[in-house]
Amino acid sequence: MQEKPILKAPDWGTSVIGYLFLGGLMGGSAILAALAQSNHSKAEARLQRNAALSAFLLAGACPAVLISHLGRPERFLNMLRVVKFKSPMSLGAWALVAFSAVSGLNLVTRSRPLGMLAAAIGAFVAGYTGVLLSATAVPLWAKGKYHIPAISLCSAVSGACALQNLLLLRGDNGAARERLERLEIAASSAELLLLLSFERFSTQLGAPMWQGARGRRFQMVTMRLGLLAPIAMHAALLFSYRSRGATPLRALPSLLSLCGGYVLRETLVQAGKESAAQRAPALRQVR
Amino acid sequence: MPGLGTSFGRGGATTFVQDLKNSDCILIEGSNFAECHPVAFRFVMQAKERGAKIIHVDPRFTRTSALADTYVPIRSGTDIVFLGAIINWVLRNERYFKEYVQHYTNASSILTEEFRDTEDLEGLFSGFNESARSGGGGSAQSHEGASQSRGEAAPGGGYDTQSWQFEEEEVPRFDGTGTASVVRRDPSLQHERCVFQVLRRHFARYDAQMVQDVCGTPRALFEEVCEALASNSGRERTAAIAYAVGWTQHTVGVQYIRTAAILQLLLGNVGRPGGGIMALRGHANIQGATDIPTLYDLLPGYLPMPAIQRDEQDLASYLKSNAKPTGWWANLPKYMVSLLKAFYGDAATKENGYCFDYLPQLTGDHSMIPTQVAMKDGEVKGYFVIGQNPAASGLNAELGRAAMERLEWMVNLDSYETDTASFWRREGADPAKIPTECFFIPAATVLEKDGTLTNTNRLLQFHEKAVEPAGASRSDLSFIYQLGLRLKECYKTSTDPKDRPILDMTWAYAHEDERERSRGEPSALAVMQEINGYRVSSGEQVSGFTELQEDGSTACGGWIYSGVCPDKQTHRARNREADDYTSPDWGFSWPANRRMLYNRASADPAGKPWSEAKKYVWWDERGQEWTGYDVPDFPLTKAPDTPAKPGATGMDAHSGSDPFIMQLDGRGAIFVSSTLKDGPLPTHYEPLNSLVPNALYKQQHNPVMCEWKRRDNPYNGVANEDYPYILTTYRLTEHSGIMTKYVPWLAELQPALFAEIDPELAVARNLKNGDWVTIRTAVGEIEARALVSGRIQPLRLAKGRWVHQIGLPYNYAPLGLAHGDSSGDLVPLVMDPNVSIHEAKTLTCNIRAGRRNKRKRSHVDEDVPAAQRSQEGAPTAHGRDFPGPQR
Amino acid sequence: MSTGFFTDTTLCIGCKACEVACKQWNELPSDGFEFTGESYDNTTELSATTWRHVSFSEKVERKPELPYPQTRWLMSSDVCKHCTHAGCLEACPTGAIIRNEFGNVYIQPDVCNGCGYCVPACPFGVVDLMQMVGGKDGDPKYNTNVLRADRMEHTAVQAIGGIAGKCTLCYDRQRSDLEPACSKACPTESIQFGDLDELRERARKRVEQLQGRQVQARLYGVDENWSVGTLGAFFLLTDAPAEYDLPERPVLPSTHQPAAYASAAVAATALFLIGSLIFTRS
Amino acid sequence: MRIGALPNVTSQRTDNLRARTRGAKAVPSICCYCAVGCATLAHVDDGGKLLNVEGDPESPISGGHLCPKGAALFGLTVNTARWTTVKYRAPYAERWEERPLEWAMDRIAGLVKETRERTFVKERDGKRVNHTLGIASLGGATFGIEENYLLGKLMRSLGVVSIENQARI
């Protein structure tokens, strides 16, 4: 007989996973837009415009996905009747609203301070989703309080790099893409190291994430194909070919990275749900 | 129940549930108190918190066991051995309450020399006649112990009770006119033929070893129970015993209760606070439906139905055979005449014997099981089923359902579709072959009608109509009333004398309220006022049964309830004012609003409380009357030192220290000299379906139980290897009958039939928790989900033999949100000889993994050829004819 | 004044009256009709529509040195703990979950938008989401007639989406000076309702009394120094909390926030710096 | 909808929250399940609609407490599964049909009379019996004293002797 669970897992599915993923891309894109603003080459300007625009569009998509998840969508605005500093969800909702406004303005004005502000809020949105997971009783997530927010951010940035890289694939954007690839290598490497550290740190609690069918899928899709492979491919391209030409092959690492980012969120959520159903960790609880 | 009735005088619980909190020890046996009566169980918990020891003796470890101090496992069907051994232990260790036993019981009465005990006759008492054909009117009288008549032949099959009588001696009559015979007594309890010594010998072999060998109860636990009961009885302390259908549903059920009664009399616990025997009834009005009965053998107030076997052809002969010379039952003529006046009004006159001959006569046992068999044999044409679901809860339920196919018509009153109402479309039935015309009349629920219910401790409580009945639903009262009106109309022009009862029957119950009246609803109050009784001349209510007369000047529909509506304005069942103990102003407790029966026994023979701690009713020297916390169950001004008047009738024949006023001799009956059909003392007999031979006697079963040996009612037999496990049935907290199974809140709590199985048996038979299992007896097979639990323990009997018990709830049937097979499909037809109750608490069975086969047209549907049926059809008691209703 | 429940499990007879009384008063539907085989527990856990739940724990000891098996069957009625520092309340982004004037944690059904974040924020696994149907006055109503489709005709209901559900401590009844439905129904007064200070006092005395009778009794949620604070619904237990499906030491989820925010902040800063380095270098 | 910065912002509904039984009529009743006889109060609104059923705290027996069955009394009365129409199943028919109550009552009275006429026995072995074994009645423990009394009186006046109830079981 199955053991009796102590905790309740949230009924979060594709829409929440999608939101976590898109929110990350949105935050990461805002960061990239701000970074690109510091440089004035043509390609960077294109990157800045693309990133700011995608951030703004994603800021529209995120609430839509979120609302679709709500049990009573017509009451999304209830999120905005209070501000609760202890509720990551409340802060996140407000941050989304603020981000929409700031990134919209930024799109029009292209002012550097607004860009920086958008990047800051974007970074918050990209990171708070990790806090949101960690600040629960779900053993795996609570255990990941040192790792998950940072992983979220790294993944947000690497994902955004991949996304923008794809958008810059056509045209003469070699320099900007190279910078994106460098940043992606950094972010993905950090993410990979953080994940490996989390695996060790989470001990048995991490089983739902690293073991079984889900674990194998995660290790393959996110860690090998989504992180390790793009790092290697980007590195190889950076150091060997030195060619800035656009070939379909160039899209591969970016696509892999985005897939890996999505599967990361999916695995985090689903493994969290499984860990909530486990009796022993729930009885002990994560300090 | 005659177990209580024969022992103490009345067939009701001797005490009230609130009083359990004053107990120092509560023995719960034959009852799953916490599960079946959770709210009353709070008083047990209160007693426990006060320091009382709570003991639960049961085949299964239940929610009651979990809360008890001590759980004692027992093989189902062996309680007489267990209780008999306690009696033996109490006697042997001199732990009985001497003064109480001497003065308040018939322990000192001396039996005649003809009496022979089961010890002498291998399990039979003297007077057993193998070929004796019983001549009784079924179990008439047996519900009320008052009907101990000296020297009268027992109505039961098999025993002539002549040799069970007491020896009498001649003493001067109280008025000096010659002599009168009275029972001979030896107050020292030493005479070898006195009841006390007979009892000692009767139970001498019932000891701790026997308990271990027969009941499977560890010796240490048994001794712990003995010590707990004995040390919590006496002047300063009292112990109570609570039982329910775990004791009644046996072929020796009445004797189970008798054993408890004897034990409580020996320990001096009857009629005293914190003592007594708490009979826990199942349904809301099961006590009420026995008091004002819908039982074939009883008229309201425990007046027997006239029976041809007793030659009660006219009122005089009826009164002669039923009124008692001594004790309260000398008043029976008043009650019977008043009842006839209530039934037939002005038509009932002194000249026509108050229409006594309007009453039908019994010609045999017309109880549920014989009727079911008669129905199967095509002799019953029309059937009213009101608020009951025999197709689910009946015995040999498939036989019962098949029997319904032979009905011409059936009327069903219920609030939900029942398995009975829709028997014709059950699994395996072919409606196209079933001729029965069926009616379903939607019934109002308790919240939708006025009415009165009598609870387990004889307390009448009124429920007011809160809301209009849903849809076309009507109260049952309305249905009966309207049917009566229509039948009167049907027979309006008849001149046939057989139709006079219908035309003369008083039927004026129009509702006081215009609106209700226009809907055809009768007045429940008017009915209750008739039950209470009134003066015929003025129509005024009588204030109690002491005002009833034999001369036709009073009418009373149920004498024991008299006083509930003492005037037109008052309905005491409506009273809702409580206090912290007896609460005389909450409801009305029959008789005469007494909460605890026989409470005269709470004082010593001199009328003083046995102890300050256990004070209840006592003689007030100054006021020269009985007083206390309750209505004294004794003539109010009869002083404790009043001597008995030899030769006097009625209450004068009792002394001022005879507390059991309904009894002939005013005393608690350790030895019951007649009335009971299976013996004056309880004796262990194995259940009909048993794994083992009787370890105590050669006689295996109750020698006078009623069996039906027919093809559609096969028995498992004794020690049949095809049925190697014991099966016991019970009910769950979460369910009642059909009523609960449609309520989603309850259905989710216990959604399906399950079988409780011990882990060893589960391993042996490869049964997994939660899986389907099929359970089989000779009668039928059903499927259930397995609930494997260590709470169910295998028991070790004599010679190291281990037996497994399986538990099966009795709540389920195919219809309802919570549903399953019906456990009734496993229970064969067999009856206790005294009260015609079946044996569902202990059976034998077999079990296997997996689901049962789809129900085919079963064996009961194959027509037994008529000739063979008449041969087989007659119910028999060990091969002897038993008076079935059809001959 | 704060009100709450003291559930004395030594008095519980496992009758489940609390479960039903709660459902009746709060008009909650059944959770389905499945046989679980878990002792006498077929509702298995607190849910959005089961706000009182009776757990059953069987233990049978069979040892050679014992003359007969020692069986014990623990029953206890679980409920929302109404924590002093409530995870669900902190997590709720809409302010639907409030602390009311009785000190109880209450979900305002008309405010809740069903985001579900309170669900993982409860360290006891109490809160959950349920489907609602529209009431006449637009007020959300639970569907009381959830009947099994294969046996009964389904009542036509219009689902209006999910909402978080848990014990309200019968806020409406308390407002009208009535005791909560469960404690009122409880036949053996295993569930006691009242002022928390008084209840705690009573509970401590009860523990002493039981210990005097050699019963290993302890309170759960009174004197521990937990991050969730003292419990507004606390328990008297005679075995390890795990036997009653309670965590040994519940942790308030928001205590994980500082570390998590720090983790995010460090990562954000680091990434931004690296990014700046990459993007400014030509 | 109220908006505020503080976490404890109550809605109008919350502010107006009261027990729905406030001011409703409390009708005294008794639980219909077991024989303990717990007293209940049925709350009914002005329109005669049942709002709630709970224990009567005054009862010396139940003190306002109820078991799960008693606590579910509301669900016994208010339940979509209830059958609230008169139903009739003709001989050999495959289904129930709805019929008016009056029709059913007349039909039942007619059947009773017909069966009684056919099966009534006046004498047996030279003794008056005045009974019919062709009709039987079952039930009594689940309904009131008044109903038992009237049923017993009617059946006995008809000569029916097989009158039984759950007390036997």
Side-chain angles (χ1 to χ4, degrees), chain A residues 1 4-12 31-32 35-36 38-39 44 70-73 75-76 78-79 81-82 84 86-90 93 123 127-128 130-132 134-138 141-142 145-150 152-154 157 179 182-183 186-187 190 276 282-287, chain C residues 37-38 44-45 87 90-96 111-117 119-129 131-132 160-163 241-242 245-251 253-257 259-268 270-272 274-276 278-280 282:
Chain A
M1 203 188 315
K4 217 161 135 191
I6 300 296
L7 294 173
K8 297 270 186 307
D11 71 335
W12 293 346
I31 293 172
L32 290 184
L35 287 172
S38 54
N39 197 303
E44 257 94 27
L70 286 183
R72 305 172 73 195
R75 291 183 189 262
F76 172 74
N78 284 13
M79 292 272 198
R81 68 193 277 281
V82 288
K84 290 172 73 175
K86 274 203 175 168
S87 170
M89 180 88 88
S90 173
Y128 101 93
V131 180
L132 182 132
S134 293
T136 64
V138 175
W141 298 343
K145 61 187 167 187
Y146 302 109
H147 297 88
I148 295 175
S152 298
L153 264 161
C154 291
V157 170
R179 289 187 209 277
R182 283 172 200 268
L183 183 55
L283 284 172
R284 275 196 311 276
Q285 305 230 326
V286 174
R287 304 254 173 273
Chain C
E38 291 177 23
T44 66
E45 58 183 356
E90 289 182 345
C92 176
T94 60
V111 178
C112 175
N113 66 9
C115 76
Y117 191 40
V119 176
C122 174
F124 298 99
V126 170
V127 200
D128 207 352
L129 293 181
Q131 286 296 305
M132 305 289 289
I160 59 165
I163 198 172
D245 301 335
L246 295 169
E248 287 291 342
R249 189 188 158 88
V251 173
S254 67
T255 55
H256 303 312
Q257 283 183 17
Y261 275 122
S263 159
V266 168
L271 285 168
F272 200 80
I274 294 168
S276 301
I278 292 171
F279 275 86
T280 46
S282 46

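All chains are named by letter (A, B, ...) in the order of the sequence lines, taking the proteins before the strands, and each is independently numbered beginning at 1.
Your options are C:Ala91, C:Gly275, C:Ala260, C:Ala121, and the one with the most heavy-atom pairs under 4.5 Å with chain A is C:Ala260. Ranked by non-hydrogen atom pairs under 4.5 Å with chain A, the options C:Ala268, C:Ala267, C:Ser254, C:Pro123 are led by C:Pro123. Across A:Gly127, A:Ala150, A:Ala123, the residue that shares the most heavy-atom pairs under 4.5 angstrom with chain C is A:Ala150. Ranking C:Pro250, C:Ala265, C:Ala262 against chain A, the residue ahead of the rest is C:Pro250, based on heavy-atom pairs under 4.5 Å. Each of C:Cys122, C:Gly125, C:Pro120 has some count of heavy-atom pairs under 4.5 Å with chain A, and the biggest count is that of C:Pro120. Ranked by heavy-atom pairs under 4.5 Å with chain C, the first of A:Ala282, A:Pro88, A:Pro5, A:Ala9 is A:Pro88. With chain A as the partner, the residue from C:Ser276, C:Ala264, C:Ala270 showing the most heavy-atom pairs under 4.5 Å is C:Ala264. Most heavy-atom pairs under 4.5 Å with chain C: of the set A:Leu153, A:Val286, A:Val157, A:Leu32, this distinction falls to A:Leu153. Comparing C:Val126, C:Val119, C:Asp245 by how many heavy-atom pairs each has under 4.5 Å with chain A, the most go to C:Asp245. Ranking A:Ala187, A:Ala186, A:Ala142, A:Ala137 against chain C, the residue ahead of the rest is A:Ala137, based on heavy-atom pairs under 4.5 Å. Note on A:Ser90, A:Ala135, A:Ala276: by heavy-atom pairs under 4.5 Å with chain C, the leading option is A:Ala135.
With a 4.5 Å cut-off on side-chain heavy atoms, A:Lys84 and A:Met89 do not count as touching. Considering only heavy atoms from C-beta on, C:Thr44 comes within 4.5 Å of C:Glu38 through its side chain. For the pair A:Val131 and A:Pro149, the minimum side-chain heavy-atom distance is below 4.5 Å.
For A:Leu183 against C:Leu271, the heavy-atom pair with the smallest separation is CD1-O, 4.2 Å. Across C:Thr255 and C:Val251, no two heavy atoms sit closer than the pair OG1-CG1, 3.5 Å. For the pair C:Phe272 and A:Leu35, the tightest heavy-atom approach, listed with the atom from each and the gap, is O-CD2, 3.8 Å. Heavy atoms only, all atoms of each residue included: A:Pro10 and A:Trp141 are closest at CG-CH2, 3.9 Å.
Contacts between A:Ser152 and chain C at a heavy-atom distance below 4.5 Å are absent for every atom of the residue. Residue A:Val138 touches chain C through both its backbone and its side chain, counting heavy-atom pairs closer than 4.5 Å. In this structure, the portion of A:Arg284 lying under 4.5 Å from any heavy atom of chain C is its backbone and not its side chain. Proximity to chain A (any heavy atom under 4.5 Å) is restricted, for C:Phe124, to the backbone atoms N, CA, C and O. Looking at C:Cys92, both its backbone and its side chain come within 4.5 Å of chain A, counting heavy atoms on both sides. For C:Cys115, the parts lying under 4.5 angstrom from a heavy atom of chain A are both the backbone and the side chain. Within the 4.5 angstrom heavy-atom criterion, no atom of C:Pro241 approaches chain A.
The environment of C:Tyr261 atom OH is dense: over 12 non-hydrogen atoms of other residues, nucleotides or ligands sit within 6.0 angstrom.
Side chain of A:Gln285 to main chain of C:Pro247: no donor-acceptor pair is present (N/O by atom type, distance under 3.5 Å, no hydrogens or angles). Looking only at distances, no side-chain donor or acceptor of C:Ser263 sits under 3.5 Å from a matching main-chain atom of C:Ala259. A donor-acceptor contact shorter than 3.5 Å links the side chain of A:Arg81 to the backbone of C:Thr94.
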